[in-house]
Protein chains: 2
Amino acid sequence: MGTKQLSGSPEDADLTRADSLAREIFSDVANKWALLIIEALGERTLRFGEVRDEVEGISHKMLTQNLRMLERNGLAECTVYPTVPPKVEYTLTEPGLALRETVHRMCDWTHRYIGHIESSRDRFETV
Amino acid sequence: MGTKQLSGSPEDADLTRADSLAREIFSDVANKWALLIIEALGERTLRFGEVRDEVEGISHKMLTQNLRMLERNGLAECTVYPTVPPKVEYTLTEPGLALRETVHRMCDWTHRYIGHIESSRDRFETV
DNA sequence: CGGCATCCCCAAGGATACTG
DNA sequence: CAGTATCCTTGGGGATGCCG
C-alpha cells in the first residue's frame, strides 16, 4: 500500500511487517458493515440496540463481531453499565473519528456520482 | 446514509429508491479488493496482468469480477486490443479517480494510526 | 493473454436460544 | 438488553481448464 518492497536494507523486515500490518488493518476496516457502523456512530454515543437500528439490515452477530473488531483496533470504546438489564454504550475514539472523516468522503462521493453510476449501469446492461 | 427516511411526502418513493441505490453502490465499492484495485490503477493505464501483479494476493477470478463491477458502475474503462494474444487495458474514469481520492485518505489514515492500532491490539489481547 | 465456465469447499454470516 | 454459543445454510472465492 504505497510502501515500496525493495530488498537488501536492514530495516526490510520491519518495512514488510508494517506493510502486511497495514494491509490487515485495511482489510479489517474496508468492508461495508464496519464502515456503516462507523458512520452510524458518528460523534454520538449509542447503545448496542441503537446502532443496530441505525445500520439497516445488520444482524446481531455481525454487529457484535464488528464492534469487537473496532474495539480491538482502538477505533471504538465500549462502556458497560452493570445494571439489569445491561446497558452497553459505544463511542468512537479519536482514530475512529479520523477514519470517519474518510467514510464521509466516500458517502459524499456516492451521492455526487449516483447519477453517473446509474446511467452507466443502464448503458452496461443494454449491450 | 445521511438521507432521512421520513414518510408522507410525494417524492418519498424517489428518495428511498435513491437511498437504496446509494447503499448498493456503497456495498459494491466498500470492499477491500475493489478499493485496492482502484488504488493500484491510480492515474495509470494497466493491463490485466499488471493489475494482478500490483494487487497482492488477488485471484484471477476476483480481479475479473471486480473489474467488471467497476466497469459497470462507470468507474473504470476497458480497452481491448484485438491482437493475439489479447491485450486488455484498464484505466480509471473521472468518477473512479474521484473515488480514488477517498481511498487515498483511507491509506493515509492507516499509516497515520498504524502505531495506535498495533498497541491497542496488544492491550486488547492481554486482557 | 485474458475471459468465461465449472467444480468444490470452507468460512461468512443468518437464525435461534440460553445466560447474566 | 446484550454477549456468547451452536447449528445450518449459502455463496464467496480458490483452483482448474478451455477457448478466442
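Throughout, a chain's letter reflects where its sequence line sits, starting with A, and its residues are numbered from 1. Below, all heavy atoms of this structure are taken into account, side chains as well, without hydrogens, waters or symmetry copies.
Regarding Glu71(B), its CD atom lies at a distance of 13 Å from the C1' atom of dG2(C), rounded to whole Å. Residue Phe48(B) contributes atom CZ, which lies 10 Å from atom P of dC4(C) at whole-angstrom precision. Between the CG atom of Leu46(A) and the P atom of dA2(D) there is a distance of 11 Å, rounded to whole Å. The separation between Lys32(A) atom NZ and dG13(C) atom P is 9 Å, rounded to whole Å.
With Gln65(A) as reference, Met62(A) is the one residue of Met62(A), Arg68(A), Met69(A) to meet the side-chain contact (heavy atoms from CB on, under 4.5 Å) rule.
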Check residues 75-89 of chain A and write down every donor-acceptor pair under 3.5 Å in which the side-chain atom is one partner and the other belongs to a residue at least two apart or another chain.
unit_1   : atom_1 : unit_2   : atom_2 : d
Tyr81(A) : OH     : Glu89(A) : OE1    : 3.1
Thr83(A) : OG1    : Pro85(A) : O      : 2.9

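A 6.0 Å sphere centred on CZ of Arg105(A) holds no more than 12 heavy atoms belonging to other residues, nucleotides or ligands. Other residues, nucleotides and ligands contribute over 12 non-hydrogen atoms within 6.0 Å of the CD atom of Glu125(A).
Tyr113(B) and Trp109(B) have tilted rings, their planes meeting at an angle from 30° to 60° on a 0 to 90° scale.
Rounding to the nearest 0.5 angstrom, the gap separating the OG atom in Ser27(B) from the CG atom in Asn31(A) is 10.0 Å.
The stretch residues 57-69 of chain B comes close to DNA chain C through His60(B), Thr64(B), Arg68(B), each having a heavy atom under 4.0 Å from the strand.
At least one side-chain nitrogen or oxygen of Tyr90(A) sits closer than 4.0 Å to the OP1 or OP2 atom of dG3(D). Between Arg47(A) and dC1(D), a side-chain N or O to OP1/OP2 separation shorter than 4.0 Å is absent.
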